[in-house]
There are 2 protein chains.
Amino acid sequence: MSKQPPPVRTEPTAAGAACCPPIWQGNLSTEAAAALAPAFKALGDPVRLRLMSMIASASGGEICVCDLTPGFDLSGPTISHHLKTLREAGLVEADRRGTWVYYRARPGLLRQLAALLTVDEPASV
Amino acid sequence: MSKQPPPVRTEPTAAGAACCPPIWQGNLSTEAAAALAPAFKALGDPVRLRLMSMIASASGGEICVCDLTPGFDLSGPTISHHLKTLREAGLVEADRRGTWVYYRARPGLLRQLAALLTVDEPASV
DNA sequence: ACGCTGATTTGAGAGCTGTCAAGCTAGAGC
DNA sequence: GCTCTAGCTTGACAGCTCTCAAATCAGCGT
């Protein structure tokens, strides 16, 4: 995971600021594509997509790994690996509180992805 | 590509009908995750993301492969391979017209992905 | 019919990905 | 300090992905 292009960038831009216009409105630059593709890739696995959903919809905005794991027929290390992938993609962040680790969604990047895909001209169909 | 779970389903539902609530509003079912992940996976490559953008934003709603290929430093077969991936994910459709093949976006699935990611409660952050 | 151009398919190789078992680190509690 | 639990890291392996070269298929012109 260290040979990939720079994972993303969600810090400098205000969280939620769109980085690019919707794909319907103009060609995505090579740079923008390289920056956003890893996030889509991270969501491109059923396990991670479900993890992302569980984290994003957690009441209180965060959820313990111990509450994520039982939802899957997978070993702990495997879940941990998927969580790491989501973390490195900039989609979630974790912090340890005592014995437990809590995960929280980072809405900024998700908002960018949603904006990119949003179909705002239903006329062409 | 034939061992994967059923690629998607965009036909029966009216194009654009949301299949699931946003990930912020509740846990995605295993089935929904399995159905949508391949679409995210298809977008999880910079080349395909850019192809998708070029196709979606094409004037007239469609674009010839011959106009897509020169935008990349990749061989024809490789572009063809990526287009096939997008096609199998249900994101685009192609049809041949004479010597040329034209690609067109299928907005239904994209709308579902956008709806899934849309952050509609900025209060929790 | 023949050859030409545009696009896809096939075959092959290097590299990445998902998974688990085994081992390790961080805190809590005794 | 020791031990227990929660979670992460490492190592290994099967399977998938990205890429290209070579071969193939589909139409168009002549």
Side-chain angles (χ1 to χ4, degrees), chain A residues 1-5 7 30 33-34 37-52 54-55 58 62-89 91-104, chain B residues 1-5 7 30 33-34 37-52 54-55 58 62-89 91-104:
Chain A
M1 283 291 176
S2 54
K3 302 177 184 177
Q4 291 279 89
T30 306
F40 282 118
K41 190 174 188 175
L43 295 175
D45 179 286
V47 173
R48 287 195 294 265
L49 193 52
R50 215 141 70 79
L51 281 170
M52 189 67 226
M54 292 169 83
I55 295 169
E62 56 185 16
I63 186 169
C64 173
V65 174
C66 61
D67 288 329
L68 292 170
T69 309
F72 300 86
D73 275 344
L74 292 171
S75 69
T78 299
I79 297 294
S80 203
H81 161 71
H82 284 303
L83 287 171
K84 182 178 186 179
T85 302
L86 288 173
R87 233 184 306 129
E88 289 179 343
L91 291 166
V92 303
E93 60 190 352
D95 77 318
R96 170 161 230 133
R97 199 151 339 123
T99 310
W100 297 279
V101 176
Y102 291 85
Y103 277 77
R104 192 172 330 107
Chain B
M1 284 287 177
S2 53
K3 303 177 183 176
Q4 292 278 88
T30 306
F40 282 117
K41 189 174 188 175
L43 295 176
D45 179 285
V47 173
R48 285 194 295 265
L49 194 52
R50 214 141 71 80
L51 280 170
M52 189 68 225
M54 293 169 83
I55 294 168
E62 57 185 15
I63 187 169
C64 174
V65 173
C66 61
D67 289 328
L68 291 170
T69 309
F72 300 85
D73 274 346
L74 293 171
S75 68
T78 298
I79 297 295
S80 204
H81 161 70
H82 284 303
L83 288 171
K84 183 179 186 179
T85 303
L86 288 172
R87 234 184 304 129
E88 288 179 343
L91 291 165
V92 303
E93 61 190 351
D95 79 318
R96 172 159 228 133
R97 198 149 341 122
T99 311
W100 298 279
V101 175
Y102 291 85
Y103 277 77
R104 192 172 330 107

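Because the structure is predicted, anything quoted here is derived from the model rather than measured. A, B, ... follow the sequence lines: proteins, then strands. Residue 1 opens every chain.
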Using a heavy-atom cut-off of 4.0 Å across all strands, would you classify G98(B) as base, sugar-phosphate, or nothing? sugar-phosphate
Please check the phosphate of dC20(C) (OP1 and OP2 only) for any side-chain N or O of S75(A) closer than 4.0 Å. yes
Pick out which of I55(A), V92(A), T69(A) makes a side-chain contact (heavy atoms from CB on, under 4.5 Å) with L83(A). I55(A)
Please report, rounded to the nearest Å, how far the C1' atom of dA12(D) is from the NE2 atom of H81(A). 14 Å
What contact category does R97(B) fall into here, base, sugar-phosphate, or nothing, at under 4.0 angstrom with non-hydrogen atoms? nothing
How close or far is atom C1' of dC18(D) from atom CG of L49(B), stated in whole angstroms? 16 Å
Short side-chain N/O contact to dA7(C) OP1/OP2 from K84(B), under 4.0 Å: no
Send over the distance from Y102(B) OH to dG27(D) C1', rounded to a whole Å. 13 Å
By the 4.0 Å heavy-atom rule, please label I79(A) as base, sugar-phosphate, or nothing. nothing
Side chain of R48(B), heavy atoms from C-beta onward: which of dT9(C), dC8(D), dC18(D) has the nearest atom to it? dC18(D)
Using only side-chain N and O atoms of K41(B), determine if any of them is under 4.0 Å from OP1 or OP2 of dT17(D). yes
N or O in side chain of T99(B) less than 4.0 angstrom from dG6(C) OP1/OP2: no
Find the distance D45(A):CG to dG15(D):P and express it as a whole number of Å. 17 Å
Candidates dT19(D), dT19(C), dG6(C) - which lies nearest the side chain of T78(A): dT19(C)
Both conditions, 6.0 Å and 45 degrees, for the charged tip of R50(B) above the ring of F72(B): are they met here? yes
Just checking Y103(A): base, sugar-phosphate only, or nothing, at a heavy-atom cut-off of under 4.0 Å? sugar-phosphate
Phosphate-side-chain proximity, R96(A) and dC8(D), N/O vs OP1/OP2 below 4.0 Å: no
Roughly how many Å is it from CG in L83(B) to P in dT8(C), rounded to a whole number? 6 Å
d(CG, D95(A); P, dA26(C)) in whole Å: 16 Å
Measure from the side-chain heavy atoms of L74(B) and tell me the nearest of dC20(D), dC8(D), dC20(C). dC20(D)
I63(A) CD1 to dA6(D) C1', straight-line distance once rounded to whole Å: 15 Å
Counting side-chain heavy atoms from C-beta on, which of dA7(C), dT19(D), dG7(D) comes nearest to C66(A)? dG7(D)
Atom CZ of F72(A) to atom P of dG18(C): distance rounded to whole Å? 14 Å
